[in-house]
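Chain naming here is simple, since letters A, B, ... match the order of the sequence lines and numbering starts at 1 in each.
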Protein chains: 2
Amino acid sequence: MRRVYSSDFLCNEVTKLLMDVPEVVVNRLPQYVRALRQILEDGSEIVSSQLLGQTLQMTPAQIRKDLSYFGRFGKQGRGYNVRYLVTELQDILQLDHEWNIAVVGVGRLGRAIISYPGFSPEGFKVIAAFDSDSRQVGQSIGGLIVQPMDELADTVRQKGIQIGIVAVPAAQASDVVERITSCGIRAILNYAPVNPLVPPEVKVRNIDPVLSLQSMTYYLRSGDTGSTSN
Amino acid sequence: MRRVYSSDFLCNEVTKLLMDVPEVVVNRLPQYVRALRQILEDGSEIVSSQLLGQTLQMTPAQIRKDLSYFGRFGKQGRGYNVRYLVTELQDILQLDHEWNIAVVGVGRLGRAIISYPGFSPEGFKVIAAFDSDSRQVGQSIGGLIVQPMDELADTVRQKGIQIGIVAVPAAQASDVVERITSCGIRAILNYAPVNPLVPPEVKVRNIDPVLSLQSMTYYLRSGDTGSTSN
């Protein structure tokens with residue numbers, strides 16, 4: 001018996017499969033892409049999981065396991081075809097798309113984000129800026145006119161904004177995150193030093209240098225603290 | 001028989017035990033501390049793993065497991081004593097210390113880092129700034145005089161610098177990381193969009209907004225892509 005599947009059905013099945021990938025694995029994929037692009041630039045077409053592991057400071061077994069979620073990319077003992085793997089991973093992560101971003105908060109941090117040259121080459125376009133401070137509204141920053149918060153929902157819809165960047169002080173962050181998600185945005189990059197609560201369908205990545213520093217001081221134990229012995 | 005242990009011995013044993021904690025657990029502890037401080041500020045002295053889980057968007061089981069690496073902090077069904085737990089975790093992470101930081105690279109990003117008001121209240125003191133560009137050397141930024149790179153080793157030793165922040169372009173990052181680690185620094189916060197190779201005793205945390213964005217676009221699949229069905 002030959003079965004026929006509708007494209008809707010297949011699309012849903014693929015989506016379900018992709019959703020089963022642990023988030024920690026998904027979070028590593030961008031690093032794979034960057035390492036593979038570098039390897040390609042350096043002139044290699046084939047890479048072993050050993051070499052990729054060295055570059056990423058991971059074990060080859062971990063790399064093989066991570067990639068196995070997405071299909072068979074390499075043959076045992078033959079290594080990975082770099083060009084193919086990077087294309088597939090870019091496709092999985094949807095890096096070939098252009099993504100429209102709104103920045104909320106145009107203080108020193110927000111301004112630095114709007115002017116950051118690293119986003120655009122990767123397809124991340126900051127196309128709107130908002131602030132609740134009426135003294136900021138109307139100002140031009142990096143070619144964008146700062147808009148008042150009550151224009152957020154309309155602008156998100158009209159301009160097809162899919163990602164929000166939060167660059168407001170901690171005290172305002174939860175409110176801003178709620179306003180952003182109520183506009184239907186499902187991806188938030190949060191620079192405020194808080195852990196905002198969001199509905200399960202919304203992804204948040206927090207950028208917080210203090211938390212990063214605090215996770216390293218744990219390891220800064222000097223071996224020479226005890227001076228008495230008996 | 002009564003055994004007597006030297007403090008050196010005990011210190012080494014404690015260090016060994018602490019080193020066995022998975023790094024992913026250590027990385028979560030600063031978030032626990034922040035959440036617990038907030039709970040304390042809000043006036044609660046006792047917190048359940050359920051409530052803590054809601055705040056951190058983790059399961060209660062995960063929280064209990066994470067904390068169990070460090071001893072018994074709560075009684076079954078009684079919840080955690082917030083004040084005690086936060087003090088213990090701060091102690092484990094050595095957050096009561098002051099940490100001296102050198103920033104390398106004083107472009108737009110480096111200047112923003114030096115002026116960032118969030119470090120100092122948490123005990124992270126940026127006390128030196130370096131740049132390889134002679135036009136930057138000698139300038140005053142946030143009260144620091146930018147020093148040339150060849151003063152790095154001496155300054156690290158003289159001023160007791162334990163943490164390096166890398167804010168140079170990608171092309172220079174590996175060299176800078178190598179110079180920093182060769183001065184004996186074992187904790188690096190890296191803002192350059194590369195994954196630097198370091199010896200196993202050195203910890204690196206990368207801050208890279210592009211990687212964070214790229215790990216979210218994976219989830220931005222619209223359910224309405226397929227339009228043909230048969």
Side-chain angles (χ1 to χ4, degrees), chain A residues 4 6-12 15 18 26-27 29-31 33-35 54-57 92-95 97 99 108-109 112-113 115-116 118-119 122 124 162-163 186-187 189 193-195 197 203 205 207 209-221 223 225-230, chain B residues 4 6-12 15 18 26-27 29-31 33-35 54-57 92-95 97 99 108-109 112-113 115-116 118-119 122 124 162-163 186-187 189 193-195 197 203 205 207 209-221 223 225-230:
Chain A
V4 178
S6 77
S7 60
D8 275 2
F9 172 84
L10 288 175
C11 186
N12 283 337
T15 302
L18 290 176
V26 174
N27 289 349
L29 295 187
Q31 296 174 46
V33 170
R34 194 159 69 189
Q54 274 174 26
T55 311
L56 292 164
Q57 294 182 293
I92 288 166
L93 291 172
Q94 307 198 96
L95 301 189
H97 292 37
W99 302 97
R108 183 161 40 194
L109 179 61
I113 292 166
S115 310
Y116 182 60
F119 289 138
E122 299 291 341
F124 296 103
Q162 302 114 323
I163 299 172
R186 288 184 291 129
L189 190 64
V194 293
N195 204 15
L197 289 178
K203 295 292 167 192
R205 300 288 179 262
I207 297 222
V210 167
L211 289 190
S212 299
L213 289 171
Q214 289 178 333
S215 75
M216 289 193 287
T217 54
Y218 176 84
Y219 297 100
L220 295 179
R221 286 162 209 286
T225 40
S227 56
T228 355
S229 59
N230 47 11
Chain B
V4 178
S6 76
S7 60
D8 275 0
F9 174 82
L10 287 175
C11 184
N12 283 338
T15 302
L18 290 175
V26 174
N27 289 349
L29 295 186
Q31 297 174 46
V33 170
R34 194 159 69 189
Q54 272 172 29
T55 312
L56 292 164
Q57 296 182 292
I92 287 166
L93 291 172
Q94 307 198 95
L95 301 189
H97 292 35
W99 301 98
R108 183 160 43 192
L109 179 62
I113 292 165
S115 311
Y116 182 60
F119 288 139
E122 299 291 343
F124 296 103
Q162 302 113 325
I163 299 171
R186 287 183 293 130
L189 190 63
V194 292
N195 204 17
L197 289 179
K203 295 292 168 191
R205 300 288 179 263
I207 297 221
V210 167
L211 289 189
S212 299
L213 290 171
Q214 288 178 334
S215 75
M216 289 194 287
T217 53
Y218 176 83
Y219 297 100
L220 295 178
R221 286 162 210 285
T225 40
S227 56
T228 354
S229 59
N230 48 9

For residues [X] and [Y], report the shortest heavy-atom separation together with the two atoms involved.
| X | Y | answer |
| --- | --- | --- |
| Pro30(A) | Ser215(B) | CG-N, 3.8 Å |
| Arg205(B) | Ser212(A) | CG-O, 3.6 Å |
| Arg221(B) | Arg186(A) | O-NH2, 3.8 Å |
| Gly118(B) | Val210(A) | O-CG2, 3.5 Å |

Just to verify, what does Arg108(B) make a side-chain contact (heavy atoms from CB on, under 4.5 Å) with, not counting sequence neighbours? Ser115(A), Pro117(A)

side-chain contact (heavy atoms from CB on, under 4.5 Å) partners for Gln57(A), two or more places apart: Leu197(B), Val198(B)

Engaged part of Ala112(B) at the chain A interface, taking heavy atoms whose separation is under 4.5 Å: neither

Report yes if some heavy atom in the side chain of [X] is under 4.5 Å from a heavy atom in the side chain of [Y]; otherwise report no.
| X | Y | result |
| --- | --- | --- |
| Thr55(A) | Asn195(B) | no |
| Leu213(A) | Trp99(B) | no |
| Arg34(B) | Leu211(A) | yes |
| Val26(A) | Tyr219(B) | yes |
| Leu189(B) | Pro209(A) | yes |

Please assess Phe124(A) against Thr217(B) for the test side-chain contact (heavy atoms from CB on, under 4.5 Å), listing each intermediate value before the final yes or no. CA-CA 10 Å; Phe124(A) 296 103; Thr217(B) 53; 3.7 Å; yes

Under 4.5 Å from any heavy atom of chain B - which part of Val194(A): backbone

What part of Leu56(A) gets within 4.5 angstrom of chain B, counting heavy atoms only: side chain, backbone, both, or neither? both

Between Gln214(B) (side chain only) and Leu93(A) (backbone N and O only), is there a donor and an acceptor less than 3.5 Å apart? no

Just so I understand: if I count every heavy-atom pair under 4.5 Å between each of Leu29(A), Asn27(A), Val33(A), Leu109(A) and chain B, which residue has the most? Asn27(A)

